[in-house]
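Report on the following structure.
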Amino acid sequence: MYIAILFLAFFGLLGIGVPVAFALAGASLIYVLVSGAVPDVVVLHRMVNGIDSFPLLAVPFFILAGNLMNSAGITNRIFGFARALVGWMRGGLGHVNVGASVVFAGMSGAAVADAGGLGTIEVKAMRDAGYDRGFSVGVTAASSTIGPIIPPSLPMVIYGVMANASIGQLFAAGFIPGLLMAVSLMVMIAWYARVRNYPRDAAFDLCVLWRATQNAFLSLMTPVIIVGGILSGMVMPTEAAIAAVFWALILGIFVYRTLTPARLVRVSMETIETTASIMLIVAGASIFAWILTSNRVTEHFAALVLMISDNPIIILILLNVILLVAGCFLETIAAITILVPVLLPVAVNIGVDPVHFGVIMVLNLMIGLLTPPIGLVLYVLAKVTNIPFDVCMRATLPFLVPLIVVLGLVTFIPSISMFVPTLVYR
Amino acid sequence: MQGEAPRNDEFGFHLEEKPDPPFEWREFGLEDWPAFLVFWGLTVIVFLQFFTRYVLNDSFGWTEEAARYFLIGTTFIGGGMVCRRRAHIAVEYLHTRLSRAGSRRLMIVVDVITIAFLAYLGWVGWRMIGMMAPQKMAVIDLSMSWLYWVVLIGIVIMILRTAQSLLHRLQGDSPYPGDI
């Protein structure tokens with residue numbers, strides 16, 4: 001019965017706007033004090049232990065690498081490269097938008113960073129070329145969700161730590177689903193382009209492509225270092241992250257010379273802020289999850305769900321619905337830390353690999369970033385492009401269709417996710 | 001070749017780069033600088049580990065443990081910055097449904113709850129320092145209570161910064177979700 005107090009306190013605190021980290025830890029503290037089952041020092045001890053983990057070190061360094069890349073001005077180089085590569089198609093800039101997001105996904109681990117940095121350039125270029133603002137924003141928002149599916153990925157790191165799954169395997173597992181998302185979006189764009197007769201960009205020119213490649217070459221090495229290092233199984237995610245930081249510093253300080261001391265300080269402070277807010281949530285979730293597991297709440301929940309049905313297909317659909325709804329209301333990292341201990345036992349029970357479930361979960365939560373009422377990506381895009389929030393929202397809705405199709409494929413065909421990790425690690 | 005910035009017209013669109021605002025020390029709080037040091041200390045340590053493992057083929061044993069503790073330090077000291085800038089991740093749905101005044105009043109409640117929770121956590125931290133005194137770190141020859149000192153200092157900074165935010169709100173400014 002004390003568990004009811006835990007949940008009531010948690011949802012109450014969360015609902016009125018207490019920071020997720022303190023809602024998790026605060027509800028746990030209330031539970032510990034009321035039930036008297038364990039001494040109160042356990043709360044802080046579990047919080048500190050929860051972030052005392054080597055894999056979590058990937059978090060600050062992927063954030064730092066992404067921030068450095070954004071401030072070093074390499075996003076325009078990547079955009080230029082993508083433009084020379086796929087701009088000749090009908091609806092060219094739409095395809096460029098997706099292509100640039102795929103490349104950027106190989107460097108950055110968060111959809112919001114993708115939307116805030118690259119998104120500004122993408123929307124501006126499309127508007128200048130005469131595309132309507134709805135289409136511009138819709139494509140940009142939808143393509144930014146590819147970021148955390150293709151490695152590196154902050155949500156995957158957090159999932160790996162909470163689920164005790166290999167982060168390297170999770171990264172590898174996201175690779176093909178991420179490319180599938182890009183393809184599905186490009187199909188959608190091609191269809192739009194035919195129906196609405198969108199223009200083509202400049203015709204394909206090998207010389208332009210060559211120059212754009214030269215211009216972007218050193219920047220393009222970043223995804224090669226990160227994705228290549230991880231997919232080859234040569235480096236651990238944390239090491240890939242620190243290598244990316246090192247490379248970004250060299251590019252920013254010595255090659256492009258865009259990284260002034262003032263910028264470096266600002267970027268560091270931003271990184272610390274983001275890191276601390278994410279890690280505090282992980283700390284709070286650690287004590288919360290510990291109470292759930294030690295009281296066997298998660299076991300009971302799994303048994304309850306399996307009582308409804310033991311048909312894997314129905315349960316997978318149910319899990320997807322829960323995740324989609326949660327993704328509409330909760331921030332990604334918070335949703336992962338709360339839902340992994342509750343939902344993972346159910347998934348494992350019907351024979352879903354934890355790595356596969358990680359891809360399903362993150363993909364669901366990414367779609368949640370595009371839907372009201374919270375829709376963090378839409379919120380960021382509305383802010384950086386000065387396009388009203390509800391215009392962004394309506395414009396993005398059609399693009400949910402290809403993403404949900406990919407979600408269905410990824411959910412029911414495990415080998416889409418498991419092919420690469422099996423190849424690399426097993 | 002790569003040193004040159006791409007000419008904008010080369011890609012067919014013009015992108016004006018906004019110049020950075022001038023650097024001002026006031027942008028940052030006092031607690032940002034210790035967080036800054038801990039964070040770059042962390043970066044150097046992890047780089048050292050990477051370097052010793054791949055180049056010298058023998059990583060320094062203390063780097064892994066030190067890195068984990070520095071990450072905890074970054075989290076709790078950096079937490080002060082999060083509280084000051086009101087950069088917490090929170091569910092803001094209810095606040096989008098409330099009037100400005102209602103949202104502000106509710107945020108005052110939220111700040112009070114946050115302070116109460118952190119104060120209790122700080123008291124726990126204080127006792128943990130005593131309890132951990134005899135326990136040594138795994139590789140580094142220091143008492144675990146050092147780590148909990150850092151945690152406690154972080155909690156105290158978070159309390160002070162949240163109290164400051166509460167004060168601002170009581171004076172009537174800063175709607176939620178808000179920048180100070």
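Under the salt bridge (charged side-chain N to carboxylate O under 4.0 Å, His left out) criterion, A/E270 pairs with no residue at all, not counting sequence neighbours.
When every heavy atom of B/A90 is checked against every heavy atom of A/G17, the shortest pair comes out as CB-O, 3.7 Å.
Only the side chain of B/E27 comes within less than 4.5 Å of a heavy atom in chain A; its backbone stays farther off. Both the backbone and the side chain of A/L56 come within less than 4.5 Å of a heavy atom in chain B. Within the 4.5 angstrom heavy-atom criterion, atoms from both the backbone and the side chain of B/F47 approach chain A. For chain B, no part of A/A129 is nearby; none of its heavy atoms comes within less than 4.5 Å. Proximity to chain A is limited to the side chain of B/I155, based on heavy atoms less than 4.5 angstrom apart. Both the backbone and the side chain of B/F36 have a heavy atom closer than 4.5 Å to some heavy atom of chain A. Only the side chain of A/L29 comes within contact range of chain B, with heavy atoms under 4.5 Å apart. For a residue to count as touching a neighbouring chain, one of its non-hydrogen atoms must lie under 4.5 Å from one of that chain's; by this rule A/I242 touches chain B with the side chain only. Neither the backbone nor the side chain of A/L251 comes within contact range of chain B, judged by heavy atoms closer than 4.5 Å. At a 4.5 Å heavy-atom cutoff, B/F70 makes no contact with chain A through either its backbone or its side chain. Heavy atoms closer than 4.5 Å to chain B are found nowhere in A/S219, neither backbone nor side chain. With a threshold of 4.5 angstrom between heavy atoms, A/F246 approaches chain B through side-chain atoms but not through N, CA, C or O. Looking at B/I89, the atoms closer than 4.5 Å to chain A (heavy atoms on both sides) sit in the backbone and in the side chain alike. For B/M158, the part lying near chain A is the side chain, with the backbone staying farther off; criterion is any non-hydrogen pair under 4.5 Å. Interface remark: B/I77 contributes no atoms to any contact with chain A (heavy atom separation under 4.5 Å).
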Practice task
Could you give me the CA-CA distance, side-chain angles and deciding distance for A/R266 and B/F28, then say whether side chain to side chain contact (heavy atoms under 4.5 Å, CB included) is met?
Solution key: CA-CA 9 Å; A/R266 285 195 179 112; B/F28 307 107; 4.1 Å; yes
Handout entry: Full working for side chain to side chain contact (heavy atoms under 4.5 Å, CB included) between A/E273 and B/R84
Key = CA-CA 10 Å; A/E273 182 190 296; B/R84 187 183 77 247; over 6 Å; no
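In terms of heavy-atom pairs under 4.5 angstrom with chain A, the leader among B/M128, B/M131, B/M132 is B/M128. The choice from A/I272, A/I333, A/I281 that makes the most heavy-atom pairs within less than 4.5 Å of chain B is A/I272. In terms of heavy-atom pairs under 4.5 Å with chain B, the best-connected choice from A/V265, A/V235, A/D52, A/L33 is A/D52. The residue among A/P39, A/P261, A/S53, A/G87 with the most heavy atom pairs within less than 4.5 Å of chain B is A/S53. Listed options A/A25, A/G15, A/A243 were ranked by heavy-atom pairs under 4.5 angstrom with chain B; first place goes to A/A25. With chain B as the partner, the residue from A/T275, A/L280, A/V48, A/T260 showing the most heavy-atom pairs under 4.5 Å is A/V48. When each of A/M236, A/E239, A/E331 is scored by its heavy-atom pairs under 4.5 Å with chain B, the top score falls to A/E239. Most heavy-atom pairs under 4.5 Å with chain A, from the set B/L94, B/L106, B/T75: that is B/T75. Ranking B/W40, B/F76, B/F117 against chain A, the residue ahead of the rest is B/F117, based on heavy-atom pairs under 4.5 Å.
Residue-environment remark: CZ (A/F329) exceeds the threshold of 12 foreign heavy atoms within 6.0 Å. Within 6.0 Å of the CZ atom in B/R127, the count of heavy atoms belonging to other residues, nucleotides or ligands exceeds 12. Within 6.0 Å of atom CH2 in B/W33, more than 12 heavy atoms from other residues, nucleotides or ligands are found, so the atom counts as buried in its surroundings.
The aromatic rings of B/Y148 and A/H45 sit parallel to each other, their planes meeting at less than 30°, with 60° as the upper class boundary.
Within the 4.5 Å cutoff, the side chain of A/D40 has heavy atoms near those of the B/W123 side chain. Within the 4.5 Å cutoff, side-chain heavy atoms of A/M47 are placed close to those of B/L121.
Distance check, rounded to the nearest 0.5 Å: CE of B/M81 to OG of A/S277 gives 10.5 Å. Remark: B/D32 CG to A/S268 OG distance equals 11.0 Å, nearest 0.5 Å. Residue A/F54 holds its CZ atom at 10.5 Å from CG of B/L71, rounded to the nearest 0.5 Å. Expressed to the nearest 0.5 Å, how far CD1 of A/I16 lies from OG of B/S103 amounts to 11.5 Å. To the nearest 0.5 Å, atoms CE (A/M279) and OG1 (B/T74) are separated by 8.5 Å.
Within the 3.5 Å criterion, the main-chain N or O of A/A21 finds no donor-acceptor partner in the side chain of B/H88.
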